[in-house]
Structures are given as C-alpha cells and as structure tokens.
Chemist: 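This is the structure, below, for whatever I ask next.
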Amino acid sequence: MGQSKVSSYVGFCFRARKITLGSNAIATLKGGVYLLIMDGKAAKNTIRYALKFKEKFACPLIVCKGDFERLVNKPLCRLAAIRDKSLAAAILNSEDGDYELYTGGGE
C-alpha cells in the first residue's frame with residue numbers, strides 16, 4: 001500500500017521546515033501554528049499540553065490513530081505543530097481514516 005496523503009503533507013512540512021515536534025519545542029512558539037497533531041497513544045499530560053496549545057494558538061487538534069512515531073520519524077514523539085496554513089488545511093481536508101478531529105474526552 002502507498003503512502004497516505006497526510007504522510008505526504010507532513011513530509012512537505014519537514015522539507016519546508018514548517019513543523020515543530022514535541023511539547024517543549026511547541027511551548028516556545030509565539031504564534032503561527034495552524035494545526036496540532038497528537039498521537040492517539042499520548043499520556044494524560046500530553047493531552048493536557050495539547051489542549052493548552054489548542055487554546056493558545058486557536059487551531060484545530062487532530063488525533064493520529066496510526067503509527068505517529070513513523071509519521072514524524074522521531075521516537076517517543078507524541079505531539080507536532082504544523083506552521084503552514086495551506087498544508088494544515090490540506091491535512092484537515094484529506095479525509096484519512098487514521099486521523100480524526102479531537103472533540104473532547106480522554107482526560
């Protein structure tokens with residue numbers, strides 16, 4: 001099976017240097033975040049951080065139900081911020097079954 005659309009878009013973000021990985025790195029950003037992607041296996045503390053960043057940047061949060069570490073090519077990473085508006089919109093509109101919009105719960 002080929003690569004998913006979301007995986008391709010995340011690859012474009014890496015090439016354009018428009019992705020930030022990890023809650024500590026995301027916490028240093030002042031703005032310009034258009035989408036947060038969280039691992040579906042994230043711990044409660046990471047979920048808390050993700051919700052805090054969602055409010056801070058007023059952006060959507062999606063949950064990856066697949067292999068998030070492979071998606072971002074970083075072991076033990078559970079949170080990523082997309083800093084490109086058009087790529088964030090493309091990821092949201094991709095309708096991939098492995099990703100769903102966070103609507104609450106889990107804490």
Side-chain angles (χ1 to χ4, degrees):
M1 187 174 150
Q3 202 175 11
S4 74
K5 284 185 179 182
V6 173
S7 182
S8 297
Y9 293 140
V10 169
F12 293 149
C13 291
F14 274 109
R15 284 185 214 103
R17 296 180 183 217
K18 294 289 185 176
I19 189 167
T20 303
L21 301 177
S23 57
N24 290 337
I26 295 170
T28 65
L29 298 175
K30 302 292 184 212
V33 174
Y34 299 100
L35 177 65
L36 293 166
I37 305 174
M38 180 176 65
D39 189 354
K41 298 176 279 191
K44 285 183 180 181
N45 203 31
T46 303
I47 295 170
R48 191 171 49 94
Y49 276 122
L51 294 175
K52 181 177 118 180
F53 297 142
K54 180 180 186 286
E55 294 299 316
K56 177 181 177 181
F57 300 119
C59 66
L61 170 65
I62 61 172
V63 179
C64 174
K65 296 185 279 184
D67 190 3
F68 185 77
E69 292 176 1
R70 196 172 126 242
L71 174 72
V72 297
N73 198 23
K74 186 171 180 180
L76 302 176
C77 182
R78 300 287 181 241
L79 191 61
I82 305 297
R83 296 180 285 115
D84 184 276
K85 192 173 190 173
S86 60
L87 287 170
I91 291 170
L92 282 171
N93 295 329
S94 68
E95 296 182 11
D96 192 328
D98 282 344
Y99 302 88
E100 64 182 24
L101 197 61
Y102 185 82
T103 56
E107 191 168 348

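Any value given below was found using the heavy atoms of this structure, including those in side chains, with hydrogens, waters and symmetry copies removed.
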Chemist: Tell me whether Leu87 shares a hydrophobic cluster with Val6, the cluster being built from Ile, Leu, Val, Met, Phe, Trp, Tyr side chains joined at under 4.5 Å.
Modeler: yes
Chemist: Looking at Ser7 and Leu71, what are the two nearest heavy atoms and their distance?
Modeler: CA-CD1, 3.6 Å
Chemist: Do Phe68 and Leu79 have side-chain heavy atoms sitting under 4.5 Å apart?
Modeler: no
Chemist: My understanding is that only residues two or more places apart in sequence, or in another chain, count here; which of them pass side chain to side chain donor-acceptor pair (under 3.5 Å) with Ser94?
Modeler: none
Chemist: Check Cys77 against Gly22 and note the closest heavy-atom contact, atom names and distance.
Modeler: SG-N, 3.9 Å
Chemist: Would you name the heavy atoms of Val33 and Cys59 that are closest together and state the gap between them?
Modeler: O-CB, 3.7 Å
Chemist: Got a second to check how far Lys56's NZ is from Ile26's CD1, nearest 0.5 Å?
Modeler: 10.0 Å
Chemist: Report, as yes or no, whether the 6.0 Å neighbourhood of atom NZ on Lys85 holds more than 12 heavy atoms from other residues, nucleotides or ligands.
Modeler: no
Chemist: If only atom types and distance count, is the side chain of Glu69 paired as donor or acceptor with the main-chain N or O of Leu76 below 3.5 Å?
Modeler: yes
Chemist: With a 4.5 Å limit on heavy-atom distance, are the side chains of Tyr102 and Met38 in contact?
Modeler: yes
Chemist: Under 30°, 30 to 60°, or over 60°: which ring-plane class applies to Tyr49 and Phe53, parallel, tilted or perpendicular?
Modeler: parallel
Chemist: Do Arg83 and Thr20 have side chains that get closer than 4.5 Å, going by heavy atoms?
Modeler: yes
Chemist: So do the side chains of Phe14 and Val72 get within less than 4.5 Å of each other, counting heavy atoms only?
Modeler: yes
Chemist: Could I get the full list of salt bridge (charged side-chain N to carboxylate O under 4.0 Å, His left out) partners for Lys74, not counting sequence neighbours?
Modeler: none
Chemist: Hey, is the main chain of Ala25 close enough, under 3.5 Å, to the side chain of Thr28 for a donor-acceptor pair?
Modeler: yes
Chemist: Checking side-chain contact (heavy atoms from CB on, under 4.5 Å) against Ile82, which of Leu92, Leu36, Ile62, Leu35 comes through?
Modeler: Leu35
Chemist: Is the closest side-chain heavy-atom distance between Val10 and Ile37 below 4.5 Å?
Modeler: yes
Chemist: Between Leu101 and Pro60, is any pair of side-chain heavy atoms under 4.5 Å apart?
Modeler: yes
Chemist: Flag yes if Ile91 and Leu61 sit in one hydrophobic cluster, no otherwise; membership is Ile, Leu, Val, Met, Phe, Trp, Tyr, and two members link when side-chain heavy atoms are under 4.5 Å apart.
Modeler: no
Chemist: Hey, could you give me each pair passing salt bridge (Lys or Arg N to Asp or Glu O under 4.0 Å) that has a residue in residues 11-39? Not counting sequence neighbours.
Modeler: Asp39-Arg78
Chemist: Please check: side-chain N/O of Lys41 versus main-chain N/O of Lys65, any donor-acceptor pairing under 3.5 Å?
Modeler: no
Chemist: So with a 6.0 Å cut-off around CG of Asn73, is the heavy-atom count from everything else above 12?
Modeler: no
